[in-house]
Amino acid sequence: MPELPEVETIIRRLKNGAAGQPGVCHQVIQSVQITWPKIIAAPDPASFQEALTGKTIIDAQRRGKYLHFLLDEGHLVGHLRMSGDMRTETRLTPDGTPNPAGPYDRIIFNFSSPHRLVFSNIRKFGRMWYLTTPQELFKRLGPEPLDPQFTAALLIEKLRAHARQIKPLLMDQSFIAGLGNIYTDEALFRAGIHPLRKSDSLSPAEGERLHQSIQEVLRQGILRFGASLDWFYRGGEFQNDFKAYARTGHPCPICNTPIEKIVVGQRGTHFCPHCQKLV
DNA sequence: CATCAACCCTGAGAGC
DNA sequence: TGCTCTCAGGGTTGAT
């Protein structure tokens, strides 16, 4: 579920510091604890541990849904997939005893300072990489939807190049990087486009509206610090702004027609059958 | 090329 | 109360 706005919120907190925690820049990794080795995608866990020990974090960025830490040598990259979070915390509690790890903490980076960086992941779908260059991961990604280079004209051109259902296409990270199930449903609702429409059937006006609504939901999501859902990733408020997602049976905020839920591309999909017509 | 199913996982919520 | 079952979902892989 962490999509672009959630990952952006997390990386900003890590970079700038939050809740009394310092930012990660200039922190030196003293040791690495791995409690679930399958999180490490590359290299093998032992090499990962060895390579990161002693490295200094230079910067923290986001690309699509990836968390990207530039080191003094090499790059640490993380992907939270479904149910993950990254946070910093103190290594000791106020009374001086070791701060116990949480039950879902999979990778812990102990800093030389009294702090640590934690990769938590309930469902163990998340992945981390230590790479010489992150290009091998990032080269598959489509444009950043909030980048000035991502224009309406570019989106319209890209839509025409495929004859695919619009919803799975928007969620395809090689098409655009950062949209997941929530923000795709919200963007399609705001643009008044049915999730099953074929991408090459959209009019230029619809492409324009879609471009606008994609940027709108992402910007609003970031302003609201992302969406908090269920029991993972708390702290965001965008769930209060949902107009379609997770609102099955509730009245459409525009026309009062009950929101419907269908399955598209193996994903639960919410839309208003009146405002988002198939033909 | 487009679509679909399976896989990796856990906890919540429903049903009994 | 407590068990079993179903579901959710990002991305990858393989089949159709």
Side-chain angles (χ1 to χ4, degrees), chain A residues 1-8 10-11 34-42 45 62-68 77-86 101-107 119-129 131 134 136-142 145 158-188 194-202 218 221 226-234 236 238-239 242 244-249 259-271 278:
Chain A
M1 149 352 287
E3 306 178 27
L4 189 154
E6 288 77 26
V7 177
E8 180 68 25
I10 290 169
I11 204 76
I34 302 171
T35 61
W36 190 259
K38 286 178 78 171
I39 298 289
I40 313 296
R62 177 192 61 75
R63 175 73 173 100
K65 301 178 197 171
Y66 289 93
L67 301 133
H68 177 200
V77 181
H79 196 299
L80 300 167
R81 294 275 180 95
M82 299 291 309
S83 53
D85 195 6
M86 279 195 91
Y104 311 120
D105 294 347
R106 311 298 182 194
I107 315 280
F119 183 98
S120 72
N121 211 246
I122 294 178
R123 292 196 178 110
K124 299 176 176 173
F125 286 178
R127 292 291 179 268
M128 294 205 89
W129 297 258
L131 301 166
E136 61 178 274
L137 291 177
F138 296 170
K139 71 182 180 192
R140 301 185 205 171
L141 297 178
K158 285 171 69 69
L159 289 171
R160 262 202 292 259
H162 300 272
R164 290 176 59 183
Q165 299 168 339
I166 186 66
K167 165 150 178 172
L169 182 60
L170 292 178
M171 289 183 62
D172 185 333
Q173 300 302 297
S174 67
F175 186 77
I176 308 178
L179 289 175
N181 209 34
I182 295 174
Y183 291 89
T184 302
D185 279 4
E186 290 297 310
L188 287 172
H194 192 288
L196 285 173
R197 288 279 304 278
K198 296 288 175 140
S199 54
D200 59 355
S201 80
L202 296 195
L218 293 176
S228 304
L229 275 190
D230 301 335
W231 24 266
F232 50 85
Y233 186 75
R234 293 169 197 85
F238 188 68
Q239 69 278 9
F242 289 169
Y245 184 82
R247 299 195 72 251
T248 313
I259 297 293
E260 280 184 18
K261 182 177 183 183
I262 58 175
V263 175
V264 179
Q266 297 179 282
R267 298 286 176 251
T269 299
H270 314 75
F271 71 105
L278 191 46

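Residue numbering restarts at 1 for every chain, and letters A, B, ... go by the order of the sequence lines. Just so you know, these numbers use all the heavy atoms, side chains as well, and skip hydrogens, waters and symmetry mates.
- No side-chain donor from either of Tyr66(A) and Gln173(A) sits under 3.5 Å from a side-chain acceptor of the other.
- In terms of the side chain to side chain donor-acceptor pair (under 3.5 Å) criterion, residue partners of Glu8(A) (sequence neighbours excluded) are, by chain and number, Arg12(A), Arg62(A).
- What separates CG of Asn121(A) from C1' of dC8(B) is a distance of 11 Å, to the nearest Å.
- Side-chain atoms of Gln165(A) never come within 3.5 Å of backbone atoms of Val264(A) as a donor-acceptor pair (strictly under, hydrogens ignored).
- Thr35(A) is linked by a side chain to side chain contact (heavy atoms under 4.5 Å, CB included) to Arg106(A), counting only residues two or more places apart in sequence or in another chain.
- Take His68(A) and apply the side chain to side chain donor-acceptor pair (under 3.5 Å) test, not counting sequence neighbours, and it matches His75(A).
- When each of dG10(C), dA2(B), dC9(B) is scored by its nearest atom to the side-chain atoms of Trp36(A), the top-ranked nucleotide is dC9(B).
- What separates NZ of Lys124(A) from C1' of dG9(C) is a distance of 17 Å, to the nearest Å.
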Nucleotides 11-16 of chain C: protein proximity per nucleotide (B base, S sugar-phosphate only, - neither; heavy atom, under 4.0 Å): BS----

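- Note on the helix from dA2(B)-dT16(C) to dC16(B)-dG2(C): terminal axis deviation equals 50°, with five pairs used at each end and the result rounded to 10°.
- Taking atom CZ on Phe125(A) and atom C1' on dC7(B), their separation rounds to 8 Å, with Å as the unit.
- Not a single side chain to side chain donor-acceptor pair (under 3.5 Å) links Thr184(A) to another residue, sequence neighbours left out.
- The distance from atom NZ of Lys198(A) to atom C1' of dC1(B) is 11 Å, rounded to the nearest whole Å.
- Remark: Lys38(A) is in phosphate contact with dC9(B), judged by side-chain N or O atoms under 4.0 Å from OP1 or OP2.
- Checked against ring-ring contact (aromatic ring centres under 6.0 Å, His included), Phe119(A) has no partners two or more places apart in sequence or in another chain.
- In this structure, the CZ atom of Arg197(A) is 17 Å from the P atom of dA2(B), given to the nearest Å.
- For the side chain to side chain contact (heavy atoms under 4.5 Å, CB included) test, residues two or more places apart in sequence or in another chain that qualify with Pro145(A) are Leu4(A), Phe150(A), Ile176(A), Ile214(A), Leu218(A).
- Spacing between atom CG of Asp172(A) and atom P of dT3(B) amounts to 11 Å, rounded to whole angstrom units.
- Sorted by first and then second residue, the pairs that involve residues 169-184 of chain A and meet salt bridge (Lys or Arg N to Asp or Glu O under 4.0 Å), not counting sequence neighbours, are Arg164(A)-Asp172(A).
- With DNA chain B read from its 5' end, the first of the two nearest nucleotides for Arg106(A) and Pro168(A) is the one closest to Pro168(A).
- Within the structure, a side-chain polar atom (N or O) of Tyr104(A) is placed less than 4.0 Å from OP1 or OP2 of dG11(B).
- Counting heavy atoms from C-beta outward, Lys167(A) and Asp185(A) have side chains that approach closer than 4.5 Å.
- Phe175(A) pairs by the ring-ring contact (aromatic ring centres under 6.0 Å, His included) definition with His162(A), not counting sequence neighbours.
- Ser201(A) meets the side chain to side chain donor-acceptor pair (under 3.5 Å) test with Arg197(A); sequence neighbours excluded.
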Interface polar pairs with nucleotides 6-8 of chain C, N/O, under 3.5 angstrom:
{"from": "dA8(C)", "atom 1": "OP1", "to": "Lys261(A)", "atom 2": "NZ", "distance (Å)": "3.1"}
{"from": "dA8(C)", "atom 1": "N3", "to": "Arg123(A)", "atom 2": "NH2", "distance (Å)": "3.3"}

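- A straight line from CG of Leu169(A) to P of dG10(C) spans 16 Å, rounded to a whole angstrom.
- The interatomic distance linking Leu170(A) (CG) with dA2(B) (P) rounds to 14 Å, in whole Å.
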